[in-house]
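Have a look at the structure below, then the notes.
The sequence lines fix the lettering, A, B, ..., with proteins before strands; numbering per chain opens at 1. Note that the structure is predicted; figures quoted are calculated from it, not measured.
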Amino acid sequence: MNREHTFDFAENFIKLSGVVHRVASESAAAETIVSIFNIKGARCVALAGLPASLISAIDRGCEGITVLKEPYPADTLPGAIDAADVGVTGIEFAIAQSGTLVETATNDAVRLVSALPRTYIGVLRAEDIVDKFLDAAARIRRITEQHERNLVISFISGPSRTGDIELKLTLGVHGPEDAHAVIIDPR
Amino acid sequence: MATNRYEHLFKQIHDAIDDRSKSNALLRCMKRGRDTRARALETLPGGAAFRDEVRRIKERCIEELPRLQQQFIANARRRGVQVFVADSAADAIGYCLELAEARGATALAKSKSLTTDEIELNQPLLDAGIDVVETDLGELIIQLVHEKPFHLVFPSVHKMAPDVAEIFSRVTGEKVASDIPSLMKVVQKYLRPIFLNAQIGLTGANIGVAETGGICIETNEGNGRLVSSIGDCHVCVMGAEKIVATIEEAMLMILAHPVSASGQLPTTYVTWMHGRSPLGEGPERSPRESHLILLDNGRTRMRDDAVLREALYCIRCGACMNVCPTYGIVGGHTFGHIYPGPMGICWTAGVHGLEKAADFAPLCISCGLCQEICPAKIDMPLIIAEIKHRDAQKRGRLLSDRVMMDSDGAARLGSLTAPLANLALGIPPLRKAMATSIGLSSDRKVPPFAPASFQRRFKRHRSPALRPRRKVALFIDVYANYNDPKLGMAAVRHLEALGCQVVLPKQRAAGYPFIAYGDMERARRTARYNVSQLAPYIGKGYDIVGIEPTATYCLAVLYPKLLNHDLRARSVAAHTHELFSYLVRLEDEAGRPQDRAPLAGKRFGFHCSCHQRPMGGGKEAMRWLQRRGAEVELIQTGTCCGMGGTFGLKAGPLGHKLSAAVGDPLFRLFKNAYIDAIVTESSVCAIQLAEGTGKPARHPLHLIG
């Protein structure tokens, strides 16, 4: 059943000009992510909200690339993340019907990592893809109940876009101009 | 008197009709919005039925608003948000000014907030030396040229790429190329430092969620994310009516907003913000805060007003603007004060004052398309009629409006004096005099009056003596009575041929002009009278059949609303049928296949009048014609032909001229269609289409011998 959700998510994310990569393991994910860095000619990348094992794997593959990680010193922000060419964040869950990545953050540095750099990569597990948009409410409620004070949940459905001039669609005006979803699917 | 008030409006309409460039850009935008919405609805489970859900939620949340507002504020404060309830615009502005001064902040980045436009927040901040920069591209463009929004969702739709290039050339001091990729690079470079250096980030909110105390900010550009995460001080200005109870309700709204406006599901970014998060780690972290200004500015008064309350269900999707025919010609600067379009009339009356709303309310020709597209099913035509009514009580009416409201009486007089009246209507100097005296356009061909009205002819009519299968009470309205009684008689013949006994109860014309021009008292009196005359026939087993679509609409849809849904009005509504819906059903029941095809080889372009859309959409008339061998094609732009009932008969810019401009795209479609004739059930649309296309526009019954 979840296989269909992955397929539906991919179809909808791609319709929104996103790019989808399906990989079988965390180490494969790291490889894919590093190859995106290289394709984009990235000199500096920023990571947030990722498991430690994945961060190490990415680090190992990044020769000659500056890898920024948490914790981000407050006095370097927002400039340090603005200097990154690619931002990578961990995704809590995704919604297939709308091609939406759902990112959770209790520190706004995470949001800058997915909002400032030109290229964005969201990393998630296939089992964390729910089918229908309206079904995601229960999951959102659980997350809000886990955090009593501050919390930001960000829906990300593709790269940033505008149609404000002559209705002509342009990507990446303030936010990322390309958005990648790396889905770890061991099956 | 009333005429001087609208002088400025007349001039604006005139200018818009003369120079169509902005209108053409706007019309393209509107058509795109309608088409993408239709496509998106196809993918949404339940399709357009989600409107019922949106309506239910908004009704409930506005009903419970006091309690939900308390719950929302308590939960927001629990999370550390500083909530300020601003009664007035001045209160909200004052709070922002004090806050900026206390923080010593001069750099303020803004993401799009119509609510801050509503209270005109920017100027006082700028006056206080705070550098306010709009980061939504459309809002930035109009900020740089000091204009108001042209459209709710696309504020700068009237600015073409070369215009925008010029604007940014001026602002950056560099020559900017007018291709869109180059433009976007310039915009990005211009705004990036603004984002990064902002001390205050000012946002609106699309939704407030009572159960969590969080807000939802929807954008496509991602500017909302940057504005709400970088500056240490976040301020959100939100109208209190945006509060919903649960996360589920918020999710539905998140889908409803963009589906209706631009066919997306959902916007690219939705930020659910709870409290205020730190930025980075370490001892150098500065304190972070979030202020929520919950704005009233007339919303409580709206909630207490039986008519304006419904306007609070508005979710600011802009769909009504995508379909409004007159708005498409004149645009948001004319059809609006700050809020433009159909919802703009309602909201201006609620938050900016009745007079300001009534200054542009006459632009509404009461076609009802806004209500059809509104995701919350808001009856804007009725709210606008009430606004026109309230204003007329204070400030009087245009003479031409008063004349048109009495068009039924005028038609009766015309019929009684028929040969003379028709002669007079054909004499140019007399028509010119009528244009200046009573406001009837001298350019408009008025259909001739028949010397014997349908009512008189029907008195002499002998119905067939057989035992009737059905009993029909006919609703004849104006045209088929005084101008074209042959049409009425043809309807009778067709009904009798299918075994109906037809009677003509005492009745008045349906009275829709009272809604169009805003005389609620006369509208209700007419409704009461017609319902009282027709209701007894229901008890005797009669069905009511109407010929004129708008008149049938009055019986079937409008009268119950005017009469507080009383039992008799609802009974009349439930037993009212459009002519062809009735004829086709009787034909189906009789099981008689159509063995003759009198219309074989004929091709017709069918026009569905606006008030038919919530009824049958004209499908039955088309089927009736197809059964008789005709090829029938529905030809439409998705918006009104421009006639607006009697609106197109009025002299001048707020009448015939604007009406003709609205109809242009539809005229072109009909002119280019390979058809023998235009077919429509609406008498007034027929006048408009015949004049605009030069092709004959006929009623379906007149196509058969």
Side-chain angles (χ1 to χ4, degrees), chain A residues 12 16 70-80 82 97-100 105-112 114-116 132-138 140-141 144-145 147-168 170-176 179, chain B residues 25 28-29 32 45 78-80 135-138 141 154 156-157 159-161 164 180-181 183-184 187-188 191-192 195-196 212 214 220-223 225-226 229-230 246-248 251-252 254-255 262 265-282 284-286 288:
Chain A
N12 290 319
L16 296 166
E70 291 162 305
Y72 288 92
D75 56 356
T76 65
L77 296 180
D82 186 47
Q97 184 187 8
S98 53
T100 300
T106 49
N107 191 304
D108 278 341
V110 178
R111 294 211 283 149
L112 293 191
S114 56
L116 279 173
K132 297 287 179 214
F133 192 79
L134 296 172
D135 293 339
I140 292 173
R141 179 170 291 111
T144 61
E145 283 165 356
H147 302 273
E148 276 182 12
R149 294 276 294 187
N150 57 287
L151 165 72
V152 180
I153 298 172
S154 303
F155 283 12
I156 299 169
S157 308
S160 130
R161 56 183 52 217
T162 179
D164 269 327
I165 302 181
E166 294 184 10
L167 301 179
K168 296 206 171 79
T170 308
L171 301 177
V173 182
H174 300 306
Chain B
R28 275 197 299 273
C29 170
R32 255 272 293 266
R78 228 181 0 95
R79 290 179 178 276
T135 62
D136 173 280
L137 180 55
I141 291 169
F154 300 102
S156 61
V157 67
K159 297 284 182 210
M160 303 294 111
V164 180
I180 290 177
L183 258 177
M184 291 303 184
V187 170
Q188 215 185 328
L191 281 177
R192 193 39 77 103
F195 284 121
L196 298 178
T212 59
N220 285 315
E221 293 172 31
N223 55 321
R225 305 190 74 201
L226 297 177
S229 55
I230 296 176
T246 64
I247 292 170
E248 281 79 3
M251 292 290 279
L252 189 75
I254 288 168
L255 284 184
S262 52
L265 275 153
T267 50
T268 306
Y269 299 107
V270 183
T271 300
W272 301 65
M273 216 172 147
H274 309 83
R276 194 79 205 285
S277 295
L279 183 62
E281 309 281 352
E284 296 82 16
R285 249 163 44 161
S286 28
R288 307 263 289 171

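- Within the 4.5 angstrom heavy-atom criterion, no atom of A:L16 approaches chain B.
- Contact count versus chain A (heavy atoms, under 4.5 Å) is highest, among B:A161, B:G80, B:G138, B:P278, for B:P278.
- Once rounded to the nearest 0.5 Å, the distance linking CZ of B:R276 with CG of A:L151 reads 13.5 Å.
- Below 30°, between 30° and 60°, or above 60°: for B:F195 and A:H174 the angle between ring planes is above 60°, a perpendicular geometry.
- Here the straight-line distance linking atom OG1 of B:T268 with atom CZ of A:F155 works out to 13.0 Å at 0.5 Å rounding.
- Contacts with chain A were tallied for B:G214, B:S286, B:P266; B:P266 has the most, counting heavy-atom pairs under 4.5 Å.
- Between A:R149 and B:R79 the shortest heavy-atom distance is O-NH1, 2.6 Å.
- A:T170 OG1 to B:I180 CD1: the interatomic distance, rounded to the nearest 0.5 Å, is 6.0 Å.
- The contact between A:P159 and chain B is made entirely by backbone atoms, counting heavy-atom distances below 4.5 Å.
- Ranked by heavy-atom pairs under 4.5 Å with chain B, the first of A:L116, A:N12, A:L171, A:D135 is A:L116.
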Full working for side chain to side chain contact (heavy atoms under 4.5 Å, CB included) between B:N220 and A:V173: CA-CA 10 Å; B:N220 285 315; A:V173 182; over 6 Å; no
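- Dense packing is recorded around CD of B:E284, with more than 12 heavy atoms of other residues, nucleotides or ligands lying under 6.0 Å away.
- Note: A:S160 leads A:S160, A:A109, A:G175 in heavy-atom pairs under 4.5 Å with chain B.
- Across every non-hydrogen atom of B:Y269 and A:G158, the tightest pair is OH-O, 4.0 Å.
- Between chain A and the residues B:R285, B:Q188, B:E221, the most heavy-atom pairs under 4.5 angstrom are made by B:E221.
- In terms of non-hydrogen atom pairs under 4.5 Å with chain A, the most contact-rich of B:S229, B:G275, B:G282, B:G222 is B:S229.
- Note: B:I247 CD1 to A:R141 CZ = 4.5 Å, rounded to the nearest 0.5 Å.
- To the nearest 0.5 Å, atoms CE (B:M184) and OG1 (A:T162) are separated by 5.0 Å.
- For a residue to count as touching a neighbouring chain, one of its non-hydrogen atoms must lie under 4.5 Å from one of that chain's; by this rule B:L226 touches chain A with the side chain only.
- The closest side-chain donor-acceptor pair between A:S114 and B:R225 falls under 3.5 angstrom.
- In this structure, the separation between NE2 on B:H274 and OG1 on A:T144 is 5.5 Å, given to the nearest 0.5 Å.
- When each of B:T212, B:T135, B:D136, B:I230 is scored by its heavy-atom pairs under 4.5 Å with chain A, the top score falls to B:I230.
- When atom types are taken as modelled, the side chain of A:N107 and the backbone of B:G280 share a donor-acceptor pair closer than 3.5 angstrom.
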